[in-house]
Visitor: 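Sending over a structure as structure tokens; questions will come in a sec.
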Number of protein chains: 2
Amino acid sequence: MNEGVEWAVHSCLNLAWLGERAVPAARLAAFYELPAAYLNKQLQALARADILTSVSGPRGGFRLTRPPEKVTLMDVVVAIDGDEPAFRCTEIRQRGGSGGGDTDAYRKPCAIDAAMRKAELAWRRELAGQTVADVMATVEHANPGVPDKVRRWFDDTR
Amino acid sequence: MNEGVEWAVHSCLNLAWLGERAVPAARLAAFYELPAAYLNKQLQALARADILTSVSGPRGGFRLTRPPEKVTLMDVVVAIDGDEPAFRCTEIRQRGGSGGGDTDAYRKPCAIDAAMRKAELAWRRELAGQTVADVMATVEHANPGVPDKVRRWFDDTR
DNA sequence: GAGCAGGTACTCGGATATACAATGTCCGAGTAATAAAGG
DNA sequence: CCTTTATTACTCGGACATTGTATATCCGAGTACCTGCTC
């Protein structure tokens with residue numbers, strides 16, 4: 001999976017803790033010492049998916065489009081990695097020696113593809129069941145000081 | 001995901017239908033018109049995972065090490081794609097501005113990593129719950145003629 | 001005819017090229033704040 | 001002092017290199033089979 005997913009989720013958490021204001025990509029990148037231009041690329045993807053809203057010019061940056069309760073981890077993963085399944089059936093069963101006989105036998109779906117889709121569906125369901133707000137709550141429970149710490153850091157280097 | 005997973009599962013099905021004898025990689029490849037040397041590479045990976053047993057020399061090839069009821073789809077995917085998780089946490093939370101404060105706060109696991117692992121665990125559980133024999137049964141139910149067809153093709157070009 | 005030795009063809013196995021995608025970087029278009037000028 | 005206007009600095013956005021990984025290929029090591037020879 002794309003490494004940018006990790007950066008994107010962390011950035012969403014930080015944006016949620018920072019509230020309504022827009023934060024530039026360079027600032028978000030500096031917080032984790034990430035390459036700014038590349039993080040910008042990932043945030044653009046989130047903006048295309050309407051998870052973030054981009055604001056140009058001075059005082060611009062990115063902000064959450066909707067509250068974190070409405071953003072699932074599935075949304076973020078799809079925005080960065082795309083919605084194509086990890087396993088893609090290329091229908092090799094129709095090629096070569098096996099393809100000679102009855103052609104309409106392949107109207108039935110590929111059993112291997114079905115099994116893989118079933119597993120991926122379970123994966124998607126788990127991701128869709130967890131929101132950014134849920135992850136925020138987990139962090140605040142394990143380490144209550146984090147939100148204030150984030151706000152302070154972003155305020156100090158304003 | 002690696003495309004070779006599809007080839008590997010199909011080959012396992014065919015080997016199961018063909019019974020005990022060893023089948024060369026070139027023959028398995030010809031059945032689907034796949035690049036023989038590359039399929040050989042995937043079968044080697046299955047052999048390293050002890051899913052297949054390789055036999056050298058004339059009349060050699062690959063055969064299933066154990067009956068298809070004992071081979072899960074998880075086994076095959078791990079053999080080809082490796083057992084590393086799709087999402088790997090690089091602990092960026094410890095770098096940059098966030099890393100300054102209490103160091104032992106990061107004894108607690110990363111919440112994002114935990115959420116991703118939970119989803120991947122569901123995926124793995126689904127794959128581990130389906131065996132090659134299950135997929136065979138599904139195919140035979142949807143298209144009963146396939147096993148004989150496979151046996152005939154591999155016998156004719158012996 | 002049976003046993004044995006040598007050769008041969010076939011198979012896997014890993015080392016070696018190539019193609020494609022993820023990663024990382026850069027500069028231009030657009031915009032809002034700002035400063036200056038005029039009324 | 002207020003309004004208008006030009007400037008400026010800042011931000012996103014997409015186009016452009018670079019690195020890494022999956023894809024594909026090739027040749028050597030080993031082995032069972034087969035052929036021919038010997039007893």
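Naming convention: chains lettered A, B, ... in sequence-line order (proteins, then strands); numbering from 1 in each chain.
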Visitor: Would you check if there is a donor-acceptor pair between the side chains of B/Thr53 and B/Thr65 at a distance under 3.5 Å?
Guide: yes
Visitor: Could you check how far CG of A/Leu46 sits from P of D/dG13, rounded to whole Å?
Guide: 11 Å
Visitor: Nearest-Å distance, CG (A/Leu43) to P (C/dG24)?
Guide: 15 Å
Visitor: Please check: side-chain N/O of A/Glu6 versus main-chain N/O of B/Thr90, any donor-acceptor pairing under 3.5 Å?
Guide: yes
Visitor: Rounded to whole Å, please give me the gap between CZ in A/Arg27 and P in D/dT11.
Guide: 7 Å
Visitor: Starting at CD of A/Gln44 and ending at C1' of C/dG30, how long is that distance when rounded to a whole Å?
Guide: 14 Å
Visitor: In whole Å, what is the span from the CZ atom of B/Arg48 to the P atom of C/dC12?
Guide: 14 Å
Visitor: Each nucleotide in nucleotides 18-32 of chain D should get exactly one letter: B, S or -. Can you fill that in based on protein heavy atoms under 4.0 Å?
Guide: -----BBBB---BBB
Visitor: Is there a donor-acceptor pair under 3.5 Å between the side chain of B/Arg63 and the backbone N or O of B/Ala16?
Guide: no
Visitor: Under 3.5 Å, is there a donor-acceptor pair between the side chain of B/Asp156 and the main chain of B/Trp153?
Guide: no
Visitor: Using a 4.0 Å heavy-atom cut-off across all strands, classify B/Ala25 as base, sugar-phosphate, or nothing.
Guide: sugar-phosphate
Visitor: Salt bridge or not for B/Asp83 and B/Arg124, using N-O below 4.0 Å?
Guide: no
Visitor: Which residues satisfy the side chain to side chain contact (heavy atoms under 4.5 Å, CB included) test with A/Ala86, sequence neighbours excluded?
Guide: A/Glu120, B/Met1
